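Reviewing the structure listed below.
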Amino acid sequence: MENERIPKLVVKNLSKSFDIVKAVQDVSLEIHAGEVRGLIGENGSGKSTLSAMITGSLRPDGGSMLFNGKPYSPKSLIDARSQGIAILLQERGTLNGITVAENMFIGMEDRFKGAFGVSRKRMQNEAKNILAAIGVHHIHPADFVDRYSFEDRKLVEVARALYTNPEILIVDETTSALSSTGRDYIYKIIRRFKEEGKSVIFIGHNLEEVIEVCDTATVLKDGVYVDTLSGSDMEVNRMRSLMIGREMMAHYYREDYAPDYDEEAVVLEASGINLPPVINDVSLQLHRREILGICGLSDSGMHEIAKAIFGACTLDTGSVTLTQRGKRITSTHGAVEAKVAYLPKDRDSESLFLPTNIRDNISSTCFSQKAVAGLINKKHLNRVAKEQAEALKLKCSSVDQLAMELSGGNKQKVVIAKWLANQSDILIMDCPTRGIDIGVKAAIYDLMRQMKAEGKSIILLSEEMSEVIGMADRILTVKNGAVTAEFMRSKDLSESVLIEKII
């Protein structure tokens, strides 16, 4: 009974700074057996930095931790996992170029050593058993992980995290990357941890989900502990107020309820594009000043449609044309030159150079601007990067800071900034608010309204139906790689109507 009263994890006065940015300041908390603790706050509030210190990927500048009543100071993710604390990361946590099984057992290869070195067969069999234990049978351990989707790779990470039978599992915005089926895997695991007297730290931006999943919720703001809520205090408006330090309107989408774009001015047209089985005879038009919404499930094919429009894949048949210029998009290079932007769902691996600084990321689309005798104008690029960082209120020490050190919301701001730096007229935005807090979401929606008013055109792809209903002039639903219906903006349009067309 005495041991049951000892917290599973005690965090005492943890602090971490990056140059002049104080990411976490003197934060303390206790996590108990059988507890699901929510960790909420705006992007840049310190959630991921705190979890990184708990799991050993960052060393604290100050403070200490106790795990099961004993001093705890992990040296790495692998060390933390071996001691009983594992994490499911928000962004991709698998490595290209190696197999599913090799990804699952990074740092644990010695377990499969035999007389002639590491036994790949034993490793693959073990991986198969672990995947089967969480109900995943379609992922093959001998395959290179590169061939699998973002969601499938997250399931590989889930299996890896559970292999060492951890006592504490940190779920860092993982559910935002998954379909309803993938989320159900996570929820089932969380329930199992709770029943077994283990603990979960659940980092999330969807406050309704936090309330549904968690027993308690700790609020961080600007790296500082604010409060821990439980019971009836775990209410959306109260949580929002503590997170942002001010009352926020419940609705931050467009307030007009009618389509509003230049109907006669088609700026982009996709005609009969095919890439079976993921894209099946899709045709669409995008107009000047239009926000065209496209929604569907994670595996509906809509993400591939976005890539095809940007010229990132070779089509079997069909074409994508900038109608007012008579120019076909057949490559990403041609799309960028034509001022077409693409913000992918997986920003870390498809849109950012994480080991590179903010300046180089923002300026990567506009090296040719104001070139001098064919040479890159570094002064101009530095000025553009600073202007965009300031305009988007990027939280960083300077544009010299590495992109990998930024929070999810600030990474997304860098992605947006690099396309605004290129003066893009058409923006393809694939799940632009995935893993983003309500404050940054509101800023992105305001930016979309501003771009629309300036005459730009946007294709907004989202798995959140409320988002496309709230922002789009026109909505296309996608299922099995094909467009199933079209809806015009309306006050009466409901999620249930869209659901009928995507499931």
Side-chain angles (χ1 to χ4, degrees), residues 55-57 76-82 84-114 116-166 169-190 192-193 277-278 297-301 303-304 307 312-313 344-350 354 431 434-435 463:
T55 55
S57 58
S76 66
L77 285 169
I78 294 172
D79 184 26
R81 194 161 67 228
S82 69
I85 298 181
I87 185 169
L88 301 177
L89 297 168
Q90 176 184 358
E91 300 300 340
R92 181 173 293 173
T94 51
L95 299 177
N96 289 338
I98 61 176
T99 66
V100 168
E102 287 166 340
N103 264 285
M104 288 176 62
F105 298 116
I106 290 174
M108 296 181 283
E109 294 86 354
D110 284 352
R111 299 184 182 209
F112 305 97
K113 270 192 174 179
F116 303 100
V118 174
S119 170
R120 305 294 176 194
K121 186 174 182 180
R122 281 177 52 206
M123 183 184 288
Q124 290 164 11
N125 286 337
E126 185 72 352
K128 183 178 179 180
N129 292 336
I130 301 166
L131 288 165
I134 63 170
V136 177
H137 302 281
H138 66 284
I139 299 176
H140 304 293
D143 289 343
F144 282 99
V145 78
D146 313 49
R147 64 164 292 186
Y148 289 102
S149 68
F150 184 78
E151 174 162 335
D152 283 342
R153 292 172 72 147
K154 297 311 293 183
L155 296 179
V156 171
E157 293 174 48
V158 172
R160 179 177 64 197
L162 297 182
Y163 176 65
T164 52
N165 194 26
L169 180 66
I170 301 177
V171 181
D172 187 358
E173 263 298 319
T174 305
T175 55
S176 67
L178 301 176
S179 66
S180 57
T181 302
R183 286 193 292 270
D184 286 341
Y185 282 120
I186 303 298
Y187 298 152
K188 183 178 178 181
I189 289 165
I190 290 173
R192 193 179 87 196
F193 266 62
V278 292
L297 300 179
S298 180
D299 58 355
S300 65
H303 305 300
E304 289 75 15
K307 292 179 188 293
C313 51
K345 177 181 178 181
D346 186 0
R347 59 178 168 261
D348 273 21
S349 65
E350 296 184 32
L354 292 176
C431 297
R434 181 183 70 81
E463 295 160 23

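Everything numeric here is computed off the predicted structure, so don't read it as measured data.
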**Study point:** Test log, rule salt bridge (Lys or Arg N to Asp or Glu O under 4.0 Å), inputs Glu151 and Lys154
**Key:** CA-CA 5 Å; Glu151 174 162 335; Lys154 297 311 293 183; over 6 Å; no

Exercise for review: Mind running side-chain contact (heavy atoms from CB on, under 4.5 Å) on His140 and Val100 for me, showing each step along the way?
Suggested key: CA-CA 7 Å; His140 304 293; Val100 168; over 6 Å; no

Practice item. In sequence, state the C-alpha distance, the side-chain angles, and the governing distance for Ile189 and Val171, and then conclude on side-chain contact (heavy atoms from CB on, under 4.5 Å). Key: CA-CA 11 Å; Ile189 289 165; Val171 181; over 6 Å; no

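Across Ser300 and Leu297, no two heavy atoms sit closer than the pair OG-O, 2.8 Å. Nearest heavy-atom pair, Asp143 versus Tyr148, reported as atom, atom and distance to 0.1 Å: OD2-OH, 2.6 Å. Asp79 and Ser82 get closest at one heavy-atom pair: O-OG, 2.6 Å. In terms of heavy atoms, Pro141 sits closest to Ala127 at CB-CB, 3.8 Å.
Counting heavy atoms from C-beta on, the side chains of Val158 and Tyr185 never come closer than 4.5 Å. Thr94 is listed as a side-chain neighbour of Glu157, based on a closest heavy-atom distance under 4.5 Å.
Each of Glu463, Glu304, Glu350 was evaluated against Lys345; a single residue qualifies, Glu463, per the salt bridge (Lys or Arg N to Asp or Glu O under 4.0 Å) test.
The side chain to side chain contact (heavy atoms under 4.5 Å, CB included) test applied to Tyr163 returns Phe105, Met108, Arg111, Phe112, Glu126, Ile130, not counting sequence neighbours. Remark: Asp110 pairs with no residue by the side chain to side chain donor-acceptor pair (under 3.5 Å) rule, at least two apart or across chains. In this structure, the salt bridge (charged side-chain N to carboxylate O under 4.0 Å, His left out) partners of Arg192, at least two apart in sequence or on a different chain, are Glu196. Shown here are the side chain to side chain contact (heavy atoms under 4.5 Å, CB included) partners of Ile78, two or more places apart in sequence or in another chain: Ser76, Arg81, Ile106. Partners of Thr99 under the side chain to side chain donor-acceptor pair (under 3.5 Å) rule, at least two apart in sequence or in another chain, are Glu102. Remark: Asp146 pairs with Asn96, Phe144 by the side chain to side chain contact (heavy atoms under 4.5 Å, CB included) rule, at least two apart or across chains. Residues forming a side chain to side chain contact (heavy atoms under 4.5 Å, CB included) with Tyr187 (at least two apart in sequence, or on another chain): Thr175, Arg183, Asp184, Arg191, Glu209, Val213.
Within the model, atoms CD1 of Ile85 and CD1 of Ile87 stand 10.5 Å from one another, a figure rounded to the nearest 0.5 Å. A distance of 5.0 Å separates CG of Asn103 from CG of Leu95, quoted to the nearest 0.5 Å. Atom CG of Leu131 sits about 8.5 Å away from atom CG of Leu155, to the nearest 0.5 Å. In this structure, CG in Asp172 is found 9.0 Å from OG1 in Thr55, a value given to the nearest 0.5 Å.
Residue pairs meeting the side-chain hydrogen bond (donor to acceptor under 3.5 Å, both in side chains) criterion with at least one partner in residues 127-139, sequence neighbours excluded, are His138-Asp152. Residues in residues 129-141 take part in no salt bridge (Lys or Arg N to Asp or Glu O under 4.0 Å) pair, two or more places apart or across chains.
Between the side chain of Glu109 and the backbone N or O of Gly107, at least one donor-acceptor pair lies under 3.5 Å.
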